[in-house]
Amino acid sequence: MSKVTIPIGPQHPALKEPARFCLTLNGEKIYEIDLRLGYNHRGIEKACEERTYIQAMYLVERVCGICSHSHSTAFIQAVEEIAGLQLPRRGLYIRTLIAELERIHSHLLWLGVAGHEVGFDTLLMYAWRDRELVMDILADLTGNRVNYGINTIGGVRRDVTPRQIERVTKAMDTFEERTKYYVQVATEESTLIARLSNVGKLCYDDAMRLGAIGPTARACGLERDARKADPYGLYGELDFKVITDKHSDVYGRAVVRLLELMESYRIIRQLCKGMPEGPIAVKAPRKIPAGEALSRYEAPRGEDVHYVRGNGTDKPERVKIRAPTLANLQAVAKMLEDNYLADTTIVIAAIDPCFSCTDRAVLLKKSRRRNEEPVLWNSLRDYGIAWHRKQGLDFGDMNRRFGRMMERSSR
Amino acid sequence: MELIKKIVTWSRIKSPWIIHFNTGACNACDIEVIAALTPRYDVERFGVLLKGTPRHADVLVCSGPVTRQIKDRLVRIYEQMAEPKFVVATGTCACSGGVFNGCYCVEGGIDSVIPVSAYIPGCPVRPEAIIDGVVKLLGSLDGDPAPQGAVPAPDAAEPVKQGTAV
């Protein structure tokens, strides 16, 4: 049977972000997938180098609007490590509290999206209705529904009142009750189980080899969680389990996320109970000393890695962000192989992709299937010159004259 | 003729179908647009329906600064929409480029590429603000002289020439 190639995107109704998938089909099954990213690339890493640490922090928060606290915390942790700042306990508690609330909102969001992708819109409406409760709490604690802006170098910007703590604890009861219902739906609703089981299989070895992280890896039985492996902030003292599952398919990923919600409620209860008195931030110097740091953070989608290098001024010299989705994309290509075309959306949605996180840098590759090699800057430039010449534009002579002029002026 | 015109305007206002396009946003505005469609805010009350293709939609809801990669695609999607069409810029980035102003891969706000009918600022916009903006845009169709708060389309925005998409 001859192979058919179907291009999807960048504008497509399945996900809310632009990405292009080129699926080569063999009958009804997917033979090969080619993924094009970069539509959301804005150049944040470079922009950070022209901004002060405080400005860069707000910019980094806008790498992604769903896990915004993850990115700002990962960045701040690296900066604090370079500056050698010791955070006050209360500041750490508040930071962790927001982090876990963010995990709840992100997982509920995913549950809704997953429901929508398999045509179970009731689940979308239910999950997003409950998500509004956690959005209310976040707005109450930080002042904004998304992009909380609560972090600052050396602590947090807003204190919490005992009444707010009480409200958070009370809300956890509601969440727990609702999540129990979702767990019941996921484990008993036969249509949902049938739709999600054996879809997008990824075995333990492949997950290990392709470097899958977050719930995607944990659903393959791989115990990978930066909160346990390399405890940052308060996670070393908190009592929680790393949820893993043996299903290795989309169903397993759903179960892992639902059970992780329950763990998040437990963590939040502990945080609310043990919140100490004291200051929420220490004074941070405007200029951060020279040095470099790598910070790991377990975002809702997986491990988020930030690298920061300071040079003694008030601006970072280099910032590098490795978002969780980037690590999981290789796994997606593997999962889709030999799957049905109709399962594409749910398999891609199952890693909870976030392309605005992922679009960090651009690497152009020649699209010849056999020998894929990166296009180097010089050859790209030559290609551009040749292309313009074909259109009747030749800047070669002008460039040479300009070069000579520059040479003369420099002498 | 008057009557037919009135009926067309009425039906247009009662069922604006939207298409949402992320032009390089950080996802926050996109999620808030979806949140506006779910039970708490439920814009379907006003007949607003999210569509998958630009050919079915009346209103193009854009979020985020226009990146260089997405620019041509945005123009193409705009051209695919049937007349009359409206563009809503949601979020500060979509209005002006916001925090991403000056980034090497960012063109600027939506109005640097296609004409915009309504601007909704906020980082990210709250769902209430989105509803308010859409309702005001629809109100302006009814012949209301630019309602309070809604910004009319700027004359400065260049009309997009047909066939410019690459």
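Residue numbering restarts at 1 for every chain, and letters A, B, ... go by the order of the sequence lines.
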Inset, instruction - Below 4.5 Å from any heavy atom of chain B, which atoms of A:D121 appear? Answer side chain, backbone, both or neither. - result: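 No part of A:D121 comes within 4.5 Å of chain B.
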Between [options], who has the most heavy-atom pairs with chain A when the cutoff is under 4.5 Å?
| options | answer |
| --- | --- |
| B:I34, B:T53, B:L50 | B:I34 |
| B:I31, B:D30, B:V106 | B:I31 |
| B:P65, B:A25, B:G102, B:G64 | B:A25 |
| B:G98, B:C93, B:G52, B:S63 | B:G52 |

Measure [X] against the heavy atoms of chain A and call it side chain, backbone, both or neither at under 4.5 Å.
| X | value |
| --- | --- |
| B:L37 | backbone |
| B:C123 | both |
| B:I77 | side chain |

State whether [X] and [Y] are salt-bridged, where the test is any N-O pair (Lys NZ or Arg NE/NH1/NH2 against Asp/Glu carboxylate O) under 4.0 Å.
| X | Y | answer |
| --- | --- | --- |
| B:R126 | B:E32 | no |
| A:K315 | A:E49 | no |
| B:D72 | B:R76 | no |

Inset, instruction - Give the intermediate values and the outcome of ring pair (Phe, Tyr, Trp, His ring centres under 6.0 Å) for residues A:F355 and A:H41. - result: CA-CA 9 Å; A:F355 294 114; A:H41 178 75; over 10 Å; no
Inset, instruction - Look at A:E132, A:K46, A:R131 and state which one has the largest set of heavy-atom pairs under 4.5 Å with chain B. - result: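 Most pairs with chain B among the choices: A:E132.
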Inset, instruction - Output the option from A:A139, A:A47, A:C64, A:C354 having the highest count of non-hydrogen pairs under 4.5 Å with chain B. - result: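 That would be A:C64.
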Inset, instruction - Tell me yes or no: between the side chains of B:S96 and B:N101, is some donor less than 3.5 Å from an acceptor? - result: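 There is no such pair (donor and acceptor under 3.5 Å, judged by atom type) between the side chains of B:S96 and B:N101.
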Inset, instruction - Would you indicate whether A:Y126, at its atom OH, is surrounded by more than 12 heavy atoms from other residues, nucleotides or ligands within a distance under 6.0 Å? - result: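 At most 12 heavy atoms, drawn from other residues, nucleotides or ligands, come within 6.0 Å of this atom.
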Inset, instruction - Could you tell me whether B:R40 sits above the aromatic face of A:W128, with NZ or CZ closer than 6.0 angstrom to the six-membered ring centre and within 45 degrees of the axis? - result: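 So B:R40 doesn't make the cation-pi contact.
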